[in-house]
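Here is the structure we will look at, set down as structure tokens.
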Amino acid sequence: MIGARALSVRLGERDVLTGVDLRVRRGEWLAIIGPNGAGKSTLLKTVVGAVTPHRGDVVVDERPAAGLKPRERARLLAYAPQAPALPPDMTVFDYALLGRTPYIPYLGRESRHDREVTASVLDRLDLTSFAGRRVGELSGGERQRVVLARALAQQAPVLLLDEPTTALDLGHQQQVLELVDRLRRADGLTVVTTLHDLTVAGLYADSLMLLADGRAAAAGRPDQVLTESLIGRHFDARVKIEPGPDGRPVVHLVRGGT
């Protein structure tokens with residue numbers, strides 16, 4: 001459904017990405033993991049077309065992304081950044097409704113269907129009671145869910161989420177991840193996320209990519225990427241990895257001796 005070949009990005013004097021290949025099948029969930037500064041967010045932004053210039057190619061649904069018009073791209077790729085600039089005086093409903101922009105004619109207004117889609121998404125994210133509130137009045141976790149609501153309202157077949165659980169408490173983390181997983185399975189969504197929590201990444205994603213210093217250090221099934229050797233080397237951390245109840249890897253920090 002989505003692929004990239006030899007993606008490279010240089011910002012100023014620094015190579016942020018170098019020769020990264022990416023391939024995600026339709027309906028698959030890929031989680032990109034890696035230490036801070038590894039290039040995870042830049043990779044997502046490059047795929048969605050928010051980083052230029054770059055070297056390499058991105059293909060979406062067998063179509064070169066470089067040849068897509070902005071509205072065409074927005075109907076294929078929905079992107080939720082980690083820390084967007086939110087208009088503080090806009091209501092939650094109106095902000096989420098912006099996700100319908102690719103379907104609204106130029107100089108036109110949203111349709112009844114657009115409003116129904118937006119209302120349904122807010123309901124799924126437990127945000128209906130917030131619909132009339134101003135975005136600037138929300139907590140960090142509430143704003144994170146509103147950003148996800150705008151992305152889901154796009155109804156694009158590919159969902160790109162940069163740290164979607166940042167600032168969420170444990171219950172809302174699970175709620176958001178379960179919702180994304182249900183939508184993926186029910187609607188055939190292709191999902192690419194960056195995730196900070198390695199155990200969570202291994203629990204929900206079908207496959208992982210480990211980025212380190214702008215390069216793909218490993219890729220494959222969660223049990224192939226979440227190994228004590230790879231995590232120890234690239235995160236500079238001592239960990240113990242054990243299979244969880246469902247057989248997926250659980251990452252435990254190992255406390256240092258005194």
Taking a hydrophobic cluster as the set of Ile, Leu, Val, Met, Phe, Trp and Tyr residues connected by side-chain heavy atoms closer than 4.5 Å, whether directly or through intermediates, do [X] and [Y] fall within one such cluster?
X: Tyr95; Y: Phe130; answer: yes
X: Leu211; Y: Val58; answer: yes
X: Tyr204; Y: Leu44; answer: no
X: Leu22; Y: Leu159; answer: no
X: Ile32; Y: Leu195; answer: no

Using a 6.0 Å cut-off, check whether atom [atom1] of [X] has over 12 heavy atoms from anything other than its own residue.
X: Arg134; atom1: CZ; value: no
X: Arg10; atom1: CZ; value: yes
X: Arg23; atom1: CZ; value: no
X: Arg133; atom1: CZ; value: yes
X: Glu62; atom1: CD; value: no
X: His172; atom1: NE2; value: yes
X: Glu178; atom1: CD; value: yes
X: Asp213; atom1: CG; value: no

Side chains of [X] and [Y], heavy atoms from C-beta outward: is any pair under 4.5 Å?
X: Arg145; Y: Val176; answer: yes
X: Arg215; Y: Thr18; answer: yes
X: Pro157; Y: Leu76; answer: yes
X: Leu152; Y: Leu179; answer: yes
X: Leu168; Y: Glu163; answer: no
X: Val180; Y: Leu189; answer: no
X: Arg115; Y: Phe93; answer: yes
X: Leu226; Y: Leu198; answer: yes

Closest approach of [X] and [Y], non-hydrogen atoms and distance?
X: Ala80; Y: Val147; answer: CB-CG1, 3.8 Å
X: Ala78; Y: Ala156; answer: N-CB, 3.7 Å
X: Val191; Y: Val24; answer: O-CG1, 4.5 Å
X: Gln144; Y: Asp162; answer: NE2-O, 4.3 Å
X: Pro222; Y: Arg248; answer: CG-NH1, 3.9 Å
X: Ala153; Y: Thr118; answer: CB-OG1, 4.4 Å

So how far is it from [X] [atom1] to [Y] [atom2], rounded to the nearest 0.5 Å?
X: Leu230; Y: His234; atom1: CG; atom2: NE2; value: 5.5 Å
X: Glu242; Y: Thr199; atom1: CD; atom2: OG1; value: 10.5 Å
X: Ile241; Y: Glu228; atom1: CD1; atom2: CD; value: 5.5 Å
X: Arg124; Y: Gln175; atom1: CZ; atom2: CD; value: 12.5 Å
X: Arg5; Y: Asp57; atom1: CZ; atom2: CG; value: 4.5 Å
X: Thr194; Y: Met209; atom1: OG1; atom2: CE; value: 13.0 Å

Task: Member of Leu161, Leu77, Leu43, Leu30 meeting the side-chain contact (heavy atoms from CB on, under 4.5 Å) criterion with Val192 - done: Leu30
- [ ] Decide side-chain contact (heavy atoms from CB on, under 4.5 Å) for Ile2 and Val59; before the verdict, give the C-alpha distance in whole Å, the side-chain angles of both, and the deciding distance to 0.1 Å.
- [x] CA-CA 6 Å; Ile2 185 168; Val59 176; over 6 Å; no
- [ ] For side-chain contact (heavy atoms from CB on, under 4.5 Å), just list the numbers for Met90 and Leu98, CA-CA rounded to whole Å, side-chain angles, deciding distance to a tenth of an Å, and then say yes or no.
- [x] CA-CA 11 Å; Met90 183 174 283; Leu98 291 175; 3.9 Å; yes
Can you see whether [X] engages [Y] through a side-chain donor-acceptor pair at a distance of less than 3.5 angstrom?
X: Glu28; Y: Ser207; value: yes
X: Thr91; Y: Asp94; value: yes
X: Tyr103; Y: Gln154; value: no
X: Gln155; Y: Arg75; value: no

Looking only at atom types and distance, does a side-chain atom of [X] sit under 3.5 Å from a main-chain N or O of [Y], one as donor and one as acceptor?
X: Asp169; Y: Gly171; answer: yes
X: Arg184; Y: Gly27; answer: yes
X: Ser120; Y: Glu116; answer: no
X: Arg221; Y: Asp206; answer: no
X: Lys45; Y: Pro81; answer: no

Open item on the list: Looking at Arg63 and Glu72, is there a salt bridge between them, counting it only when a charged N and a carboxylate O are closer than 4.0 Å?
Closed with: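 A salt bridge is present here (some side-chain N lies under 4.0 Å from a carboxylate O).
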- [ ] Answer yes when Arg26 and Asp61 have at least one side-chain N-carboxylate O distance shorter than 4.0 Å, and no when they do not.
- [x]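 Here Arg26 pairs with Asp61 in a salt bridge, since their nearest N and O are under 4.0 Å apart.
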Open item on the list: Looking at Tyr106, I'd like to know if the NZ or CZ of Arg71 sits under 6.0 Å from its six-membered ring centre while staying within 45 degrees of the ring's axis.
Closed with: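 Yes, cation above the ring, under 6.0 Å and within 45°.
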TODO: Kindly indicate, with the supporting measurements, whether the criterion side chain to side chain donor-acceptor pair (under 3.5 Å) is fulfilled by Arg143 and Ser139.
DONE: CA-CA 6 Å; Arg143 287 196 297 269; Ser139 70; over 6 Å; no
